[in-house]
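Data first, discussion second: the structure below is written as structure tokens.
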Amino acid sequence: MSMSIVFLLFCIALLVLGGVAFALSRAKATRVRASGMTMHAQPDQYAWFAVLATAGPALLVSALGAFALLLMGAEIPVLYLLTASLIIAVIGLAMGLSQVRPAFHARRAIEGVIRKLLAAAALISILTTLGILLSIINEALRFFQMQSFWDFVTGTTWNPGASFLSSAGRAEGGSAAQFGSIPLFAGTFMITLIAMLVAIPFGLGAAIYMVEFAPLYVRKTAKPVIEVLAGIPTVVYGVFAALTVAPLVVDIAGLFGLDASYSNALAPGLVMGIMIIPFISSLSDDVINSVPNSLREGALALGITKSEMVRNVVVPAAAPGIISASLLAVSRAMGETMIVVMAAGMRPNLTANPLEDMTTVTVSIVAALTGDQEFESAQTLSAFALGLVLFIVTLTLNVVSVFMIRRFREKYRVNNL
Amino acid sequence: MSQSFEEISAQLKKRHRRSARMKWMTLGALILSAAFLVVFISDMVVRGWPAFQQAQIQVEVSYDEQSQKLPLAAVDEDVRPLISRGFFRPLPRKMEDNPALMDTTQTQWVIADSRVDQYLKGNEDRLRPADKETLENLVEEGRADLKFNTTFFTTGDSKMPEMAGIASAAIGTVMTMLVTMAVCFPIGVMTAVYLEEFAPDNKLTQIIEININNLAAVPSILFGLLGLAVYISFFGVPRSSPLVGGLTLALMTLPVIIISTRAALRSVPDSIRHAAFGVGCSRWQVVRDHVLPVSLPGILTGSIIGLAQAMGETAPLIIVGMVAFIPDASLSITGASTVMPAQIFTWASEPNSAFAEKTAGGILVLLAVLIFLNALAVWLRNKFERRW
């Protein structure tokens, strides 16, 4: 018998047992009630409790068994495991049936089970974070056992490819793999900076117009249009950057007599900026919108013009929120992968010229993991070290931005942010 | 230091001009942002439109013993180089499957080689002069033309641009999304229900809340690292499979669904809960019979938006190996597979320029699906949204 048939039979058996539990305990509860006794719950609730008592422990046991089988490599024959689960299901059925008595709070019992189930689901998000953190830290530590941490942080040469040669025994003198991450972070910061130079003026400008100047119908149509930009997949932006913007940048640079690389840093930076506009505009929109109107009216009553009001009253009041939005946008730009993988270069390059090609942290992560390298190699593990740094930086930016927005919220007692 | 009336009104004029300038500048920012969108979409349409057309040639195909052995012999020698190799390869199999075809000659439209395709679309000219002459004659006779490209929608990836299509990537996307939603919809809704309706206000609850908000801001590529380290190396889930891709995306989509579900639950007024408690419902009964049904449209809207987001995601899937070359679609969730964005990525890195239009064509299909999903979400929200 193949595995899937065994599994199917198990499921069917469990369903049948559950059905039997439901029918029997419902009948029993109805009978008890008909005999004139007052009960704590409805017959259906007793029935559902019996079903839970039948299926719950059985599923738990089989899940635990499967977990042990997969993880610890325990030698439990699947057939035994499933049979044991079924036996437990039968015991559960008997227990559930015996609980059908007037003094038992079936509804409260169900409530307790469901509460635990929901809490368990909520814990999964914690497990995810822990999983990310532990897996990345674990692999990053293995990387730092092979390579020095100091070189990683201060080195200016990123040349992981040589680790392949040296592991193949073909390392020529002096061409050992080098993992100095500074050029990668320089590239990331350069592209992020370009993106922010595009996104912050445009996003903030659009938000100010929509809140302070636009008539309602413009606001109602413009907002969703800008949001569409946020819904476009990043790989599509990547194609746009690589096929359309990069050649354009080269042509325009050529007009000024400048020599630009086809994988220059400007093209992915510009496109990333466009991608982030809706992010900044919708967050700033919310923040500017929740600056109390009394501030605006007070300012206007003093005879100030609208632009002076925006510049001297609204924007300073909303500043913590706007900064928080910008920090979130920076974190998003740093972690953005597809645009830079497709449009930025692969060559680690420590330069301040955005027309040259430079690579970023995320590009190096992808490059390290898509090669034909074994998992244990320093090149593969370097991706996790870079990932760890990326995680820490984005997490810090995020925490700072949450802190800023909380200050804003407390200052103006706004609750919907 | 008194100012004359003229000075003040001149100053006032200047201030009002400055005010108007700010209005126009901010409006300009808004219009330019919208213009980016228009430029972007029209660029993709211009690039991608040709992908929906494919050059075809009408030839006489002779099914006989010789062409069974040597498929190239099935058509005339002079048109042979114009026709896709993808047409010849399955010929012997086709004859085996259908013996009635044997020893017949049929006039049919067959797929042309990608060089012919590119030439007819006016893109580039890599044909030999002799072939070009034959082709010109065929075009004049009306026996070579651009037709609607059904191959693009029915085949998987191929090294031959004229045979490459999105079918296997589309199926891979559907499989991956099924896994994603099967995992993250129940868990996300359960988490949100717990946090909004059940959770006591203690440290643990606060930690979970902060954690979910942080998770939403974690770069997607890190979820790929998690998938690689935990699912593939630790649990041994097969690489490149919809299972591992779907589980990775599920973790990424989870915060989106939790946050939107919580918003939907919060918009249900407390009076409904109070009324239900008042007639003796338990907490779970309140949630199941009153709160969830009322907030369901909001939950679905959030889930569809999360689904659309997951559908366009590429970076974590590259890390877990879903950029494989998949010529044939498989319906198994553990087999190697690819998804639409990954297929676009693969095509975008092909040096052959005929793949450039495939890339843009794939993008158009993906954008159409995503716009449909988002429109569906907006429609759902407008139709069922209640103001309390």
Side-chain angles (χ1 to χ4, degrees), chain A residues 70 107 110-111 114-115 118-119 121-122 124-126 128-129 131-132 135-136 139 201-202 205-206 208-210 213 222 225-226 228-229 231 233-236 239-240 242-244 274 277 305-308 310 328 331 335 337-338 342 362 365-366 369-370 375 383-384 387 390-391 394-395 398, chain B residues 15-16 18-19 22-23 25-27 29-30 32-34 36-37 40 43 187 190-191 193-195 198 208 211-215 217-222 225-226 228-230 233 235 251 254-255 258 282-284 308 312-315 318-319 341 344-345 348 356 359-360 363 366-367 370 374:
Chain A
L70 276 177
R107 189 172 76 165
I110 293 177
E111 198 85 355
I114 282 173
R115 183 186 284 265
L118 295 178
I124 286 183
S125 68
I126 295 257
T128 308
T129 313
I132 292 183
S135 60
I136 293 177
E139 312 296 344
F202 280 104
I208 288 176
Y209 181 76
M210 281 198 282
F213 297 107
V225 169
I226 300 291
V228 172
L229 279 173
T234 53
V235 64
V236 179
V239 172
F240 183 62
L243 292 187
T244 307
I274 296 176
I277 288 175
T305 66
K306 215 160 182 187
S307 78
E308 285 161 349
V310 170
L328 277 181
S331 115
T337 311
M338 290 320 293
M342 298 175 81
T362 45
I365 293 179
V366 170
L369 291 176
T370 45
F375 193 75
F384 288 90
L390 191 62
F391 184 75
T394 52
L395 195 70
N398 193 29
Chain B
R15 283 168 62 195
H16 278 299
R18 208 181 282 160
S19 185
M22 178 178 222
K23 180 175 172 180
M25 274 173 67
T26 51
L27 174 63
L30 180 66
L32 268 179
S33 313
F36 284 140
L37 184 69
F40 176 76
D43 182 52
I187 294 179
M190 279 161 79
T191 306
V193 166
Y194 179 74
L195 290 177
F198 285 86
I208 294 179
N211 179 50
I212 287 169
N213 288 330
N214 276 333
L215 213 50
V218 168
S220 62
I221 190 169
L222 295 182
L225 290 183
L226 165 86
L228 182 64
V230 175
S233 335
F235 284 104
L251 293 183
L254 199 55
I258 294 174
S282 70
R283 205 165 262 281
W284 168 238
E313 196 56 63
T314 327
I318 293 182
I319 303 291
I344 291 168
F345 174 64
T359 311
I363 285 175
L366 182 65
L367 283 183
L370 293 184
N374 281 304

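Source: prediction; values computed, not measured.
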Relative to chain A, which of [options] shows the most heavy atom pairs under 4.5 Å?
options                               : answer
B:Met25, B:Lys23, B:His16             : B:Lys23
B:Ala217, B:Ala348, B:Pro341, B:Ser33 : B:Ser33
B:Asn374, B:Ile319, B:Asn213          : B:Ile319
B:Asn211, B:Leu254, B:Ile208          : B:Asn211

Please state whether the side chain, the backbone, both or neither of [X] comes within less than 4.5 Å of a heavy atom of chain B.
X        : result
A:Ile277 : side chain
A:Ile132 : both
A:Arg115 : both
A:Leu243 : both
A:Ala222 : side chain

Of the backbone (N, CA, C, O) and the side chain (C-beta and beyond), which part of [X] lies under 4.5 Å from a heavy atom of chain A, both, or neither?
X        : result
B:Thr359 : side chain
B:Leu370 : side chain
B:Leu27  : both
B:Ala308 : neither
B:Leu37  : both
B:Ile187 : both
B:Asn214 : both

What pairs with A:Glu111 under salt bridge (Lys or Arg N to Asp or Glu O under 4.0 Å), at least two apart in sequence or on another chain?
->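 Checked A:Glu111 against salt bridge (Lys or Arg N to Asp or Glu O under 4.0 Å); zero matches.
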Counting heavy-atom pairs closer than 4.5 Å to chain B, which one of [options] comes out on top?
options                                : result
A:Ile226, A:Ile208, A:Thr244           : A:Thr244
A:Ala383, A:Ser135, A:Ala242           : A:Ser135
A:Ile114, A:Ile110, A:Leu390           : A:Ile114
A:Ile126, A:Val225, A:Leu328, A:Thr394 : A:Ile126

To the nearest 0.5 angstrom, please state how far the OG1 atom of B:Thr26 sits from the CZ atom of A:Phe202.
->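 That separation rounds to 12.0 Å.
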Nearest-0.5 Å distance, CG of residue B:Leu222 to OG1 of residue A:Thr129 |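 If I round to the nearest 0.5 Å, the distance is 11.5 Å.
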What's the verdict on side-chain contact (heavy atoms from CB on, under 4.5 Å) for B:Arg18 and A:Thr305, showing C-alpha distance, side-chain angles and the deciding distance?
-> CA-CA 9 Å; B:Arg18 208 181 282 160; A:Thr305 66; over 6 Å; no
Carefully, step by step, assess B:Thr191 and A:Ile124 under the rule side-chain contact (heavy atoms from CB on, under 4.5 Å).
-> CA-CA 9 Å; B:Thr191 306; A:Ile124 286 183; 5.9 Å; no
Looking at every heavy atom in both [X] and [Y], which two are closest together, and how far apart are they?
X        : Y        : value
A:Pro233 : B:Gly312 : CB-O, 3.4 Å
B:Leu225 : A:Gly387 : CD1-CA, 3.8 Å
A:Ala206 : B:Ala29  : N-CB, 3.8 Å

Results of ring pair (Phe, Tyr, Trp, His ring centres under 6.0 Å) for B:Phe40 - residues two or more places apart only =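 For B:Phe40, the residues satisfying ring pair (Phe, Tyr, Trp, His ring centres under 6.0 Å) (neighbours in sequence not counted) are A:Tyr237, A:Phe240.
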Could you go through the side-chain contact (heavy atoms from CB on, under 4.5 Å) check for B:Ile318 and A:Thr337 one step at a time?
-> CA-CA 10 Å; B:Ile318 293 182; A:Thr337 311; over 6 Å; no
